[in-house]
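Inspection log for the structure reproduced underneath, given as C-alpha cells.
Just so we're on the same page: letters track the sequence lines, and every chain starts at 1. These figures come from a predicted structure and were not determined experimentally.
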Amino acid sequence: MEYNFLEIERSWQAFWANNKTFKVETDPSKPKYYVLDMFPYPSGAGLHVGHPLGYIASDIYSRYKRLKGFNVLHPMGYDAFGLPAEQYAIQTGQHPAKTTEKNIERYREQLDRIGFSFDWTREVRTCDPDYYKWTQWAFLEMFAHWYNKKSGKAEKIEELVKVFACEGNAGVEAACGDTDIFTAAQWNSFSVEAREKILMEYRIAYLGETSVNWCAALGTVLANDEVKEGLSVRGGHPVEQRKMRQWQLRVSAYAERLLNDLDELSWSDSLKDMQRNWIGRSQGAEMVFRVFNGSKEYNLDIFTTRADTVFGATFMVLAPESEWVEKLTTEDQKGAVEEYTKYAKKKTERERMAETKKVTGVFTGSYAINPFTNEKIPVWISEYVLAGYGTGAIMAVPAHDSRDYTFAKHFDLPIIPLIEGCDISQESFDAKEGIMCNSGFLNGFTVKQAIPAAIEEVEKLGIGRRKVNFRLRDAIFSRQRYWGEPFPIYYKDGIATPMELKDLPLELPEVDKFLPTEGGEPPLGRAENWTFGGYPVEKSTMPGFAGSSAYYLRYMDPRNSEALVSKDANNYWRDVDLYIGGTEHATGHLIYSRFWNKFLFDLGFVCEKEPFKKLINQGMIQGRSNFVYRVKGTNKFVSLGLKDKYDTTEIHVDVNIVSNDRLNIDAFRAWMPEYADAQFELENGEYICGWAVEKMSKSMFNVVNPDMICEKYGADTLRMYEMFLGPLEQSKPWDTNGIDGVHRFLKRFWRLFFNKDTFEVSNEQATPAELKILHRLIKKIQEDIENFSFNTSVSAFMIALNELYELNCNKKAILEPMVILISAFAPHIAEELWSRLGNPGSVSFAAFPEYVEKFTIEDLFEYPVSFNGKLRFKLTLSILLNAKEIEAAVLADENTQKYLGAGSIKKVIVVPKKIINIVC
RNA sequence: GCUCGGGUGGUGGAAUAGGUAGACACGCAGGACUUAAAAUCCUGUGGGCAGAAAUGUCCGUACGGGUUCGAUUCCCGUCCCGAGCACCA
C-alpha cells in the first residue's frame, strides 16, 4: 500500500485539533516542562521554509519530553504589534488590525500543516487588549517603583516619599537620574510639581530628556538594537541623533544583576558573551579635576579605568553635547566652539561611523589642573568622547590610549610616556603591562600594581573613588507610532499621572489616518477626544519589545483577567526550561525580557529570577539561488558548462522551476513573457543551472514555501529534512535537492509494515541481532535529542532501517518501539502506524522505549588494532560493565588469546567509553 | 581594531576526554524491472600509482610547525570565511 502522506497528515491533524490532544493543565502529579519558541511577527509574506526550523526542533523536543512522562507546556502566539503593518496601513489606509488578523490566519494555516503539538488554547496576541492590559499594568508598576541600591531591588515609590519627608534624600542610594541633595524640610516645602519632577528621576519607568535614534522616514525613535549601521533595521531608513523627552525604562539599574545571573544560565557562550559585551561592565575610578575658565572654578568629574596613568594626562576632552561645554568655553573661543558643536550635532550616526578615523576637535579656552602633577592642562572638545558614557568627559593620556594619541598628534599636544622602555614614536602603548616611570610615587610599580595603588591614593586625597561603569543604557520606551500599546498615562495640569488597574486596558483609539499630525504629533494626536477624565492622554505608544517582554508568563495563565499570571500557575510552570529562537534577539528582547522578569520578581509576582533557563539559537536558513546564463544581446541561454565560451549575463531564475539544478525549460518559457521564445544550448540534452547561497528573498527568486513542500512530500518529510540539513545551531542554505533521500526513507519505513497491500507485522520474538539494532537506536536517539543533535538522529533512523531490511525484519516487537521513537520527528506517520498496530489514541503519550544493554562481550571486540605491544579494541557500544568484568572477559576471550598468544596479557586498562588497552 | 564561532570528497554533513577519516544522504556512473515514464531495487563512487581482477601501495581533514607509538581532534604560528561589538576612556 502506498504511503499516502496527504491523507494521513490531514486526518491526524484533524484528530489532534478535535481531541485537543496537546491541551495542558497544571498537574502537580507530573513534572512540568516548558518549551517555548520565539513567537513570530506575522508578516504579509507568510512563512518560508527557514522560519519553521526552530519550531520543528522545539516540537521534537516537546514530543520527546511528553514520551518521557513530562507535562509539557508548548504554546504559540503572535508578536502582532509592529511597524510593517503600520507602514502598510499608511500606504493603503487599511487598518493594521485587519491586515494583522489576515496575516495571522495565514500563519496559522501554514503552521497547522507542519503538525506542531502546540496548545492553541493558550494562544496570545500582543495586540489583543486582554493581553496588552498586562503590558500596560507592568508599565504602571515600573512607574510606581524605584530601584534601591542598598536592598538591591525595586521598591515602592510611596515608601521613598515617606523617607524624603522624614530624612530628605541624602541617605538614599538609588539608581536614578541627576538630583540635588535636599533635606526633609526642603522636600516638605516643595510644590507638587517640584516633587513630581524629583520623583520622576527615581521611577523605573520615567520620562526624561535623552539622546535618541530618530528616524525621520518612519517618524519615530528607535532602540539601539533597531538600528544597524545608522539605518533602521525595518525599512533601512537613515537614523540621526536627537535630544527628545521620552519614556524610558531604567534597565541600567539591573545591569549588575543582568550580568551576574548570566552565569547560571544554559545559554551558548557566544550569546552570553554578546550580552556581557552589551552590558559592558568596566571597573575604574571617578576622579575630580579642578577646572577654571579664567573667571570661575569648578570640579569636573571624569571616569577612567587607568587611574595609574594620571601622571601622563596632558589634556582633557569633553563630549560636544556635554553640559560642561557652555561653562568652560571662554570668550575668545566662543565662536570656534559654537561652530564645532553645530557641526557635531548635525552629523548623523552614520556619518560619524564612516569617519571614525577623522580627527576633529576644538579648544575651550579653559584649563584644568592635573591633581597629581599640578600641571595646567588644556580642556578640549571632541566628538570621540561620548556624552552618554561615564561623565561625558575624560582625562587624555596620549601615551597609553590610541584615541588620545591620534588626537594629541593631530593637535600637537604633549605626550608623556609612563612605562619604561615603551616605544610611542608611532603609536600609543595601550597594553596593561610594564614598569611605571615618570609617575611620582608609582615609579617602579608594575601596571597591575599601579592601578589599585593610584585609586587608593585618589581616595585618600578625597578627589575621587572606585567606580563601576556600564555600557548598558536605559531603554527608550516611547514610539511615535499608532500600532502599539497606548501608555496608561494622562497629563493632569501637565503632571504625568498614572491610570489605575481598573482603567485598563486603555484601548487604542480609532484614527482617520495613521500618519503623524500636521503639527508633528504622533498619530494618536488624530484621535478624537483622546482624554481621560477630561485630561489629555499620552500620545506615543510602546515599542515592539514591550509586548514580547513577558509573553512567556502570560502563556502560563492566558485567560486570567485578575492578574498577568496567577500565583498557582506561576508556581507550577515557573520558568521556560527550553527556549529556541534566533540570535538576532541577543541584545534586544533577551535583555528586556530578563529585566522585566527581574522587576516582577522583585515585586513578588514571579517566583524565578531568570525567565529562560536553557536557550538554543537555531541557525539561519539561507536561500540557494539558481542562475541561467544569457548570451549578451540575445535571448539565448547556455548551460552552466558552456557559459565560459560566451559573453553571458547571470540571471536569477525561480528555484521552483529548477530541480537538481536542471532547468524545466517549458516552465521557464512560461515564467515570464520575455522568455517565451528563449533559445537554449544544452549539455547532454539538459540545461544545468548555476547556484549560489544568498539570503532567502523574493528578489532572488529563491524563496521556498513550506506549503509546497508539504504538498509534494508531506510534513513529516519536511520536518525530518529540515533536521537532516545540518546541525541545528549552524546557519545553512536550504537545498531542496536532498529531500528525496528523507522522503524515500519514510516510504521505506512505511513499507516495512506492509506485505504488498496488507498491513502485516509479525508477532514473533525478536532475535538478539534485531534487538541490538533497536536498542542501539533507542540509545542514540535519546542521546541525540538531549544534545539537540537532530541531524545525526535522522541518520541513525536510516541506518537502523537499512539493517532491518537486511534482516527482513517486520516484527512488532521491534517496529512498535520504533514508531514511538520516530513519533517526535515524523508524528503523522507514527500516529497512523501506531493506530494500525492496534493502539487506541495518540502515540504522543506512549512511553519512550527503555534502553536495555543485552549484549555479550563478543559485541565489544569488533575492531582490534595492535600497536607496540598494546592492543586496543574500539567498542561499538558503551559499557555498563565495570572494569573488573571487562578485564575478566578479555582474559577469557578466545580470539584475543589466540591473537596475542595465550598468557601474554599482563594488564588490561579500561579507558572509559571507548578503549581498552591491553598491555602484553 | 576587539570578542566569539568555523575551514573535512562534486554537495549537505558524520567521526573530537587522541585510536579504522569520509557514517548517513544527495549527486554522478553502471545495471535490473518497464513499450515508456514515474516508482522501486542492486553495484560502484576522496585522489594518485600498479594490476585483467581480487588486491596492493602512497597521499589526503585550510597552510606551516610541535607534542605523541598514533592528531580531523591537543599546543604554537599563518591564511581564509562567518557572526557580534565598534571611538565605552
Partner set under ring pair (Phe, Tyr, Trp, His ring centres under 6.0 Å) for A:Tyr340, not counting sequence neighbours: A:Tyr343
Indicate, with a heavy-atom threshold strictly under 4.0 Å, whether A:Asp661 touches base, sugar-phosphate, or nothing. nothing
Please write out each protein N/O paired with an N/O of nucleotides 41-46 of chain B under 3.5 Å, distance rounded to 0.1 Å.
residue : atom : partner  : partner atom : Å
B:C41   : OP1  : A:Arg748 : NH1          : 3.2
B:C41   : OP1  : A:Arg751 : NH2          : 3.2

With sequence neighbours left out, the residues meeting salt bridge (Lys or Arg N to Asp or Glu O under 4.0 Å) with A:Arg466 are A:Glu459
Expressed in angstrom and rounded to an integer, what is the separation of A:His743 atom NE2 from B:A39 atom P? 9 Å
Just the dot-bracket of RNA chain B, please: which string comes out with Watson-Crick or G-U pairs under 3.5 Å, [ ] for crossing, | for another strand? (((((((..(((......[....)))((((((.......))))))(((((....)))))..(((((..]....))))))))))))....
When the C1' atoms of B:U67 and B:C79 are compared, how many Å lie between them, rounded to an integer? 23 Å
Is A:Tyr384 close enough to B:A89 that one of its side-chain N or O atoms is under 4.0 Å from OP1 or OP2 there? no
P atom, B:G12 versus B:G56: distance in rounded Å? 31 Å
Could you walk me through whether A:Thr360 and A:His410 pass the side-chain contact (heavy atoms from CB on, under 4.5 Å) test, one step at a time? CA-CA 9 Å; A:Thr360 65; A:His410 188 265; over 6 Å; no
Sub-6.0 Å ring centroid separation between A:Tyr721 and A:His743: no
Categorize A:Ile394 for me: base, sugar-phosphate, or nothing, with a 4.0 angstrom heavy-atom threshold over every strand shown. base
More 5' along RNA chain B: A:Tyr721 or A:Thr305, using each one's nearest nucleotide? A:Tyr721
Here the distance between atom C1' of B:G13 and atom CD1 of A:Ile799, to the nearest Å, is 13 Å
Quick check against the 3.5 Å criterion: does A:Thr364 have a side-chain atom that pairs as donor or acceptor with the backbone of A:Val379? yes
Just the atom pairs and distances: protein N or O near nucleotides 1-12 of chain B's N or O, under 3.5 Å.
residue : atom : partner  : partner atom : Å
B:G12   : O2'  : A:Leu725 : O            : 2.6

Step through it carefully: locate the ring centre of A:Phe411, locate the ring centre of A:Phe315, and say whether they are under 6.0 Å apart. no
Measuring only the P atom in each nucleotide, how far is B:U78 from B:C2? A whole number of Å is fine. 12 Å
Can you find a heavy atom in the side chain of A:Ile394 that is under 4.5 Å from one in the side chain of A:Met316? no
In whole Å, what is the span from the CG atom of A:Asp740 to the C1' atom of B:A38? 12 Å
Output a table of nitrogen or oxygen pairs between the protein and nucleotides 28-32 of chain B separated by less than 3.5 Å.
residue : atom : partner  : partner atom : Å
B:C28   : OP1  : A:Arg662 : NH2          : 3.2

Side chain of A:Thr792 - closest among B:A86, B:A14, B:G27: B:A14
Sequence neighbours excluded, which residues qualify as side-chain hydrogen bond (donor to acceptor under 3.5 Å, both in side chains) partners of A:Tyr687? none
B:A86, OP1 or OP2 - any side-chain N/O from A:Arg471 closer than 4.0 Å? yes
Where the side chain of A:Met798 is concerned, which of B:C87, B:G27, B:A25 is the nearest nucleotide? B:A25
If we take the C1' atom in both B:A39 and B:U73, what is their distance in whole Å? 43 Å
Integer-rounded Å distance: B:A89 P and A:Lys432 NZ: 8 Å
Could you tell me the separation between the CH2 atom of A:Trp380 and the C1' atom of B:A89, rounded to a whole number of Å? 19 Å
Suppose we screen for salt bridge (Lys or Arg N to Asp or Glu O under 4.0 Å). Which residues come up paired with A:Arg662, at least two apart in sequence or across chains? A:Glu686
Contacts of A:Trp278 that satisfy ring pair (Phe, Tyr, Trp, His ring centres under 6.0 Å) - sequence neighbours left out: none
Roughly how many Å apart are B:C76 and B:G5, using the P atom of each and rounding to a whole number? 13 Å
In whole Å, I'd like the distance from the CE atom of A:Met723 to the P atom of B:G13. 14 Å
Could you verify whether a donor N or O on one side chain and an acceptor N or O on the other, from A:Ser428 and A:Asp430, lie under 3.5 Å apart? yes
Could you check whether A:Glu427 pairs with A:Lys409 (Lys NZ or Arg NE/NH1/NH2 to Asp/Glu carboxylate O, under 4.0 Å)? no
Donor-acceptor list for residues 582-590 of chain A side chains, cut-off 3.5 Å, not counting sequence neighbours:
residue  : atom : partner  : partner atom : Å
A:His589 : ND1  : A:Ser548 : O            : 3.4
A:His589 : NE2  : A:Tyr579 : OH           : 2.7

Looking at residues at least two apart in the chain, or sitting in another chain, which of them share a salt bridge (Lys or Arg N to Asp or Glu O under 4.0 Å) with A:Arg465? A:Glu286
Using atom CD of A:Glu2 as one end and atom C1' of B:U40 as the other, report the distance to the nearest whole Å. 10 Å
Which is it for B:G27, anti or syn, if anything within 90° of zero counts as syn? anti
Which residues pass the salt bridge (Lys or Arg N to Asp or Glu O under 4.0 Å) test with A:Asp474, not counting sequence neighbours? none
Nearest whole angstrom, please: distance from the C1' of B:A23 to the CG of A:Leu801. 16 Å
Rounded P spacing from B:G31 to B:A50 in Å: 27 Å
Determine whether the aromatic ring centres of A:Trp380 and A:Phe407 lie less than 6.0 Å apart. yes
What integer number of Å spans the P atoms of B:U8 and B:A14? 11 Å
Looking only at atom C1', what distance separates B:G9 and B:C24, rounded to whole Å? 14 Å
